[in-house]
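This report concerns only the one structure given below.
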There are 2 protein chains.
Amino acid sequence: MRPKNLDKEQAIRSIALQIIAEEGLENLTMQKLAAAAGISPRTIYIKYKDKDDLLVKLYIEEVLGNYETAVLAGFEPEMAFTDGVKKLWLNAFGYFKSNRHAFALMQYGKSSPLLNKAYQEMNIKEGDFFAPVLRFLEQNVAKGVIKDFPHQVHRALLFAPALDLVNEYFDYLGRPKQIITDEVFMLCCEVVIKGMTNPS
Amino acid sequence: MRPKNLDKEQAIRSIALQIIAEEGLENLTMQKLAAAAGISPRTIYIKYKDKDDLLVKLYIEEVLGNYETAVLAGFEPEMAFTDGVKKLWLNAFGYFKSNRHAFALMQYGKSSPLLNKAYQEMNIKEGDFFAPVLRFLEQNVAKGVIKDFPHQVHRALLFAPALDLVNEYFDYLGRPKQIITDEVFMLCCEVVIKGMTNPS
DNA sequence: CGTAAGTAAATAAATATTTACTTATATTTG
DNA sequence: CAAATATAAGTAAATATTTATTTACTTACG
């Protein structure tokens with residue numbers, strides 16, 4: 001039997017991400033994608049049931065999966081709060097800086113009902129995404145380092161500003177002077193840490 | 001001459017927002033919108049040049065415009081930092097709680113290149129959105145209450161967590177117990193304030 | 001009655017998805 | 001161990017919808 005052409009599979013995914021980043025999810029069509037990848041539309045349907053299936057797998061596997069791996073690299077739930085948070089922020093910034101297209105689809109995750117639903121269902125089936133971060137937060141609550149909020153609340157406080165800063169970083173890529181430098185990014189990280197930690 | 005039917009104009013806008021919220025921007029079509037509003041597709045084209053024009057006006061006027069008005073109600077740039085931030089957070093939470101559909105399109109503003117571009121261009125033409133917030137931040141930098149960051153950075157730190165919490169609030173609307181209560185929301189506001197303010 | 005708002009039906013271009021066919025390779029068979 | 005075959009991967013072209021947008025007509029008011 002003819003072997004899978006992994007290049008083609010990867011081409012579909014990365015070119016799809018590129019189109020989404022440049023023209024928007026609403027302007028990604030199967031024929032446009034096939035043409036850009038230099039394949040027949042039919043080929044996409046061999047690998048994916050339909051357009052929704054492609055989008056969901058792109059989002060869950062290609063974007064969230066890789067993002068999780070990158071963010072958790074070298075992170076341990078037992079780390080001190082300050083060290084752990086800094087590690088997570090650095091990892092996230094590093095990952096997105098070299099994966100701009102993934103970031104674009106990531107943003108759609110909060111808007112598109114299709115992706116949102118897929119994320120929820122997946123979180124239920126596979127157990128929580130970013131489980132080590134959850135344990136990290138729980139331990140720091142137990143130690144009295146941070147307040148006892150639901151973890152969704154902790155996540156909002158911790159990561160929402162980071163993602164917004166990444167957005168600004170990309171906005172400023174085309175301009176003469178970048179305002180979101182590594183230094184600014186990490187100063188913000190310290191602001192967030194300071195807000196969250198209890199006075200000892 | 002036949003008078004403009006303002007109800008119809010408003011119906012187009014609010015039903016468009018509803019479809020976007022429930023099915024996603026990528027599933028809003030002119031025919032679906034016309035059918036849901038009980039009018040002919042042609043009627044939409046009397047009021048809007050084309051689909052993009054409709055989306056951009058929906059986003060800028062209906063969503064961002066109303067959001068700005070609601071958030072700035074009773075807010076003064078001269079307020080003490082803590083009071084000002086609390087006012088902004090409360091206003092934003094209150095507005096979105098009763099405008100869920102507007103929040104959905106708001107989220108698309110960060111993802112969709114069309115809306116993103118429209119926002120940037122509009123910010124240049126009309127002067128900055130949320131100008132009173134800018135003055136508020138500048139004055140507090142001058143007073144040494146908060147650090148001297150670019151205002152985009154301040155905005156990320158200040159508002160990104162709030163929007164993320166609103167998202168969680170809506171996620172939990174269908175579930176037995178709401179975790180994002182007014183109390184939790186305002187506790188988070190205090191966390192953010194604490195992080196941003198310099199020790200005095 | 002003139003004019004603008006509105007409608008119903010048509011149109012032309014895109015779009016997701018299929019059908020019918022070709023190609024390349026892994027496995028089987030002589 | 002080759003030739004034969006089954007099988008999956010792939011393609012080109014077609015199809016049946018769906019889509020944005022127009023055209024040609026109707027209505028209601030100043």
Side-chain angles (χ1 to χ4, degrees), chain A residues 1-59 61-62 105 108 111-115 117-118, chain B residues 1-62 105 108 112-115 117-118:
Chain A
M1 101 184 129
R2 199 165 167 183
K4 268 196 193 184
N5 192 336
L6 286 178
D7 292 354
K8 241 156 231 177
E9 172 99 46
Q10 195 50 49
I12 292 174
R13 293 187 175 218
S14 62
I15 291 176
L17 283 182
Q18 184 184 342
I19 294 174
I20 291 168
E22 287 168 4
E23 306 178 42
L25 187 57
E26 57 276 25
N27 291 311
L28 174 73
T29 76
M30 299 301 262
Q31 313 204 109
K32 193 187 274 183
L33 171 57
I39 57 170
S40 157
R42 184 71 243 273
T43 303
I44 306 174
Y45 286 91
I46 293 168
K47 298 170 193 299
Y48 304 95
K49 186 182 162 290
D50 54 24
K51 195 184 178 185
D52 281 2
D53 183 47
L54 165 66
L55 291 178
V56 167
K57 284 184 176 148
L58 210 57
Y59 176 59
E61 295 167 13
E62 194 71 16
L105 183 53
Y108 271 104
S111 357
S112 158
L114 173 74
L115 302 183
K117 195 162 151 273
Chain B
M1 104 185 124
R2 200 168 168 179
K4 267 198 194 186
N5 192 336
L6 286 178
D7 293 352
K8 242 156 230 176
E9 172 101 46
Q10 193 50 48
I12 292 174
R13 292 188 175 215
S14 62
I15 291 177
L17 283 182
Q18 184 184 342
I19 294 174
I20 291 168
E22 288 168 3
E23 306 177 42
L25 187 57
E26 57 277 25
N27 292 309
L28 175 73
T29 75
M30 300 301 263
Q31 311 203 113
K32 194 187 276 185
L33 172 57
I39 56 170
S40 158
R42 184 71 243 272
T43 303
I44 305 173
Y45 286 90
I46 293 168
K47 298 169 193 300
Y48 304 95
K49 187 182 160 292
D50 53 24
K51 194 183 179 185
D52 281 3
D53 183 44
L54 166 66
L55 291 177
V56 167
K57 283 183 177 149
L58 211 57
Y59 177 60
I60 300 280
E61 295 168 14
E62 195 70 18
L105 184 52
Y108 271 105
S112 158
L114 173 74
L115 302 183
K117 195 161 152 275

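Throughout, a chain's letter reflects where its sequence line sits, starting with A, and its residues are numbered from 1. No experiment lies behind these values; they were computed from the predicted model shown.
For the pair B:N27 and B:R42, both in contact range of DNA chain D, the more 5′-proximal nearest nucleotide belongs to B:N27. Nearest-nucleotide mapping onto DNA chain C: of B:I46 and B:P41, the residue sitting toward the 5' end is B:I46. In terms of position on DNA chain D, the residue among B:Q31 and A:T43 whose nearest nucleotide sits closer to the 5' end is A:T43.
Nucleotide C:dA8 holds its P atom 13 Å from the CD1 atom of B:I44, rounded to whole Å. Atom NZ in A:K51 sits roughly 14 Å away from atom C1' in D:dT17 (whole-Å rounding). Between the CD1 atom of A:I39 and the P atom of C:dT17 there is a distance of 15 Å, given to the nearest Å. When rounded to the nearest whole Å, the span between CG of A:D52 and C1' of C:dT17 equals 13 Å. The distance between atom CG of A:L28 and atom P of C:dA14, rounded to the nearest whole Å, is 16 Å. Distance CG (A:D50) to C1' (C:dT15): 14 Å, rounded to an integer number of Å. Atoms OH (A:Y48) and C1' (C:dT17) sit 17 Å apart, rounded to a whole Å. Rounded to an integer number of Å, the gap from A:I19 CD1 to C:dT15 P is 11 Å.
A heavy-atom distance below 4.5 Å is not found between the side chains of B:L114 and A:N27. In this structure the side chain of A:L54 reaches within 4.5 angstrom of the side chain of A:M30, judged on heavy atoms. Side-chain atoms of B:E23 and B:K32, non-hydrogen and from C-beta on, do get closer than 4.5 Å to each other. Contact check for B:L28 versus A:E26: no side-chain heavy atoms found under the 4.5 Å cut-off.
The backbone N or O of B:L115 sits nowhere less than 3.5 Å from a side-chain atom of B:Y108 that would complete a donor-acceptor pair.
The phosphate of D:dA20 has OP1 or OP2 within less than 4.0 Å of a side-chain N or O from B:T29. Using a 4.0 Å cut-off, some side-chain N or O of B:K47 falls inside it from OP1 or OP2 of C:dG6. For the pair B:S40 and C:dG6, the criterion of a side-chain N or O lying under 4.0 Å from OP1 or OP2 is not met.
Among the heavy atoms of the strands, none lies under 4.0 Å from B:L33.
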